[in-house]
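Convention: sequence-line order gives letters A, B, ...; per-chain numbering from 1.
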There are 2 protein chains.
Amino acid sequence: MPVPKGSTLDPERTRATILQTATAVLYERGLDGIGVAELCARVGVSKETLYRHFGTKDGLVEAMLTARSERVTSWLEGVVAAAGDDPCHQLSAVFDALQQWYDDPVFRGCAMLNAAAQHHVEPVRAITARHLDRYLELLTGIAERAGAADPHLLGRQLLMLVEGATVVAAHQDGAGAGEHARQAALTLLSTASEAGDR
Amino acid sequence: MPVPKGSTLDPERTRATILQTATAVLYERGLDGIGVAELCARVGVSKETLYRHFGTKDGLVEAMLTARSERVTSWLEGVVAAAGDDPCHQLSAVFDALQQWYDDPVFRGCAMLNAAAQHHVEPVRAITARHLDRYLELLTGIAERAGAADPHLLGRQLLMLVEGATVVAAHQDGAGAGEHARQAALTLLSTASEAGDR
DNA sequence: CAAGGATGGTACCGATCGGTTCTATCCGAT
DNA sequence: ATCGGATAGAACCGATCGGTACCATCCTTG
C-alpha cells in the first residue's frame, strides 16, 4: 500500500481534518475573523502543514466552500429523494430540513452567502452562484413534477423563499421560519399547479 | 450664527460628507475590504477628522448602517404611501421599487446583511435585526389592510420573499427578480385574503 | 535498521492594520 | 487684527496579518 491510510501521517486524512475543523471555525468566526495562526491552533496543525495542503488561506476557503456546498446540496437532494413521489411532500420535506438546520445552535446563515458578502474575490462569488444554481435546479424539478404552468418561474420563487427564510432565521428569529416558508411555498405550488392543469 | 452652515469648515457638513462617501465605498469594497487610511483618501479627509467625528472605525460603520437603514426604510415607506389605498397595489409598488434597486449597477445586496455577515460585533447585529423588524412592520401592515387571515404570518412570509429576492438578485441574477417575487407575493396576499374573508 | 516524506513548533519576514500625535494652515467669529 | 476651532498631512505606534524557512521528530516503507 503506497499510502498508509488510517495513519496519523496520512496526508489525505490530514487534509480532511483541516477542512472539517476549519470549516466550523471559519463559519463561526467569519473568514476574516480569525488569523491563520489561531486557526491552525484550533485545528491542531502547523502552519506549514496547512499551507502545504491548501497553498493560501484563500485556497483553503475555496476548498472549504466547495466541499460545503456539495455536502449541503446533496443532503437536500437526499431529503427530496426520501420524500416519495408527491411534489408537495417533497417541497415540505425541504423546508422541514431547513427548519432543523435553523434550530441548530451553531446556525449562522448560509456559509456561501456569508463568505460572498465579505470576500469579494472571484472564486468565492462563483462558488456561491453555483450553489444557488443547484438549489434552483432542485426546486425547479419539484415545480416541473408538480405540473406548474411555468416551472422555471416557480422554481425561482421557491428559491427566494428558501433563501429568504434562511436570512430571516439567521438575523431575526429562527423559530418557525421553516414552517412559515413551507406554508407559503405550498400555496405557490398549488396555485401554479392549478394554473398548469387548466 | 454660531454654526457656519454651508462652509467647508462646518463640522456637520464634514460628518455628512464622510458618512455619505464612506457608505458608498464600504458597501462596494466590504467593511474589511478597505483600510482607514485609504478610506480617508477616498473621502478626501484626514484620519484625525474621521476619528474626531466617529471615534473608531466601528463607530463609523455603526453610524453608517443606522443612517442607511433609516434611509432605505423610509424610502420604502414612502413608496407604499404613494401607492394609494389598495394593499395589492402597495405590495406591487414595494417590489417594483426593489427591482429598481437591483438594476442599479452598484447594487451588491443588502448592506445590513452584508455587514452582519462579516462583522460579528453586537451593535451591527442589532442594527440588522432592527432593520428587518421595520421591514416586517411595513409588510405586516399591508397584510392587515388586505384582510389577511393571519397578517403576522403573511407579513413574515412577504419579508422572506423580499429578502430572498434581494439575495437572488445579488448573487445569481437580478433580472426580473423583483417581478418574480412580486407575482409570488400577490399570490400569497390574495390567497390569505380569501381565507380571511371567509 | 536506515531512509524519506509528513508533521509540529517556532522564529521570522515585510506589509498592513486601526489608532494617536504633532504641526502648519485656514476660516469664521469677535 | 486676532483668536480658536476645524482641518490636512504626515510621521509614528504596537499589534496583527498572511506567508516562509528551518529544524527536530515521528511514522511508514524498504
Side-chain angles (χ1 to χ4, degrees), chain A residues 1-23 25-26 29-65 115 118-124, chain B residues 1-23 25-26 29-65 115 118-124:
Chain A
M1 224 180 350
V3 174
K5 284 190 180 146
S7 152
T8 51
L9 278 189
D10 178 359
E12 292 184 23
R13 197 174 209 70
T14 302
R15 186 189 156 97
T17 302
I18 296 174
L19 217 46
Q20 181 179 335
T21 309
T23 296
V25 173
L26 290 174
R29 301 266 299 261
L31 299 188
D32 292 334
I34 187 173
V36 174
E38 190 185 349
L39 181 61
C40 286
R42 292 279 298 262
V43 176
V45 94
S46 70
K47 290 178 74 171
E48 181 165 354
T49 298
L50 188 144
Y51 278 103
R52 182 161 18 85
H53 280 291
F54 297 98
T56 65
K57 190 185 185 184
D58 282 350
L60 169 62
V61 167
E62 205 175 318
M64 181 189 100
L65 291 178
Q118 47 200 298
H119 245 277
H120 283 182
V121 308
E122 204 38 54
V124 172
Chain B
M1 228 180 349
V3 174
K5 287 189 177 147
S7 152
T8 51
L9 278 189
D10 178 359
E12 293 184 24
R13 199 175 207 72
T14 302
R15 187 190 156 96
T17 301
I18 296 173
L19 217 47
Q20 180 180 337
T21 310
T23 295
V25 173
L26 289 174
R29 300 267 298 263
L31 299 188
D32 293 333
I34 186 172
V36 174
E38 190 184 349
L39 181 61
C40 286
R42 291 281 296 264
V43 176
V45 93
S46 70
K47 290 177 75 171
E48 182 166 357
T49 298
L50 187 145
Y51 278 102
R52 182 159 20 85
H53 279 292
F54 297 98
T56 65
K57 190 186 186 184
D58 283 349
L60 169 64
V61 167
E62 205 176 317
M64 183 190 99
L65 291 178
Q118 48 198 297
H119 245 277
H120 283 183
V121 306
E122 205 37 55
V124 171

| field | A:Val124 and A:Val61: CA distance, side-chain angles, deciding distance, side-chain contact (heavy atoms from CB on, under 4.5 Å) verdict | value | CA-CA 8 Å; A:Val124 172; A:Val61 167; 4.3 Å; yes
| note | Against the side chain of B:Thr49, the closest entry in D:dA8, D:dA6, C:dG8 is D:dA8
Please round to the nearest 0.5 Å and tell me the distance separating atom [atom1] of [X] and atom [atom2] of [Y].
X       : Y        : atom1 : atom2 : value
A:Lys57 : A:His119 : NZ    : NE2   : 6.5 Å
B:Leu31 : B:Gln118 : CG    : CD    : 4.0 Å
A:Thr17 : A:His53  : OG1   : NE2   : 9.0 Å
A:Arg15 : A:Leu50  : CZ    : CG    : 10.5 Å

| query | Under the side-chain hydrogen bond (donor to acceptor under 3.5 Å, both in side chains) rule, what pairs show up with a residue in residues 30-42 of chain B, not counting sequence neighbours? | reply | B:Arg29-B:Glu38
Please report, rounded to the nearest Å, how far the [atom2] atom of [N] is from the [atom1] atom of [X].
X       : N      : atom1 : atom2 : answer
A:Leu60 : D:dG19 : CG    : C1'   : 14 Å
B:Glu12 : D:dA6  : CD    : C1'   : 13 Å
A:Ile18 : C:dG8  : CD1   : C1'   : 12 Å

Using a cut-off of less than 4.0 Å, is there contact between a side-chain N or O of [X] and OP1 or OP2 of [N]?
X       : N     : answer
B:Arg52 : D:dA6 : no
A:His53 : C:dT7 : yes
A:Thr14 : C:dA6 : no

What does the list of N/O pairs under 3.5 Å between the protein and nucleotides 16-19 of chain C look like, with a distance for each?
unit_1, atom_1, unit_2, atom_2, d
C:dG18, OP1, B:Lys57, NZ, 2.6
C:dG18, OP2, B:Val36, N, 2.7
C:dG19, OP2, B:Tyr51, OH, 3.1
C:dG19, OP2, B:Lys57, N, 2.7
C:dG19, N7, B:Lys47, NZ, 2.5
C:dG19, O6, B:Lys47, NZ, 2.3

| task | Please test A:Thr49 against A:Ile18 for side-chain contact (heavy atoms from CB on, under 4.5 Å), starting from the C-alpha separation and ending with a verdict. | result | CA-CA 9 Å; A:Thr49 298; A:Ile18 296 174; 4.2 Å; yes
Hey, what are the protein-to-nucleotides 22-24 of chain C N/O distances that come in under 3.5 Å?
unit_1, atom_1, unit_2, atom_2, d
C:dC22, N4, B:Glu48, OE1, 2.2

| Steps toward side-chain contact (heavy atoms from CB on, under 4.5 Å) verdict (B:Leu60, B:Leu19) | CA-CA 8 Å; B:Leu60 169 64; B:Leu19 217 47; 4.0 Å; yes
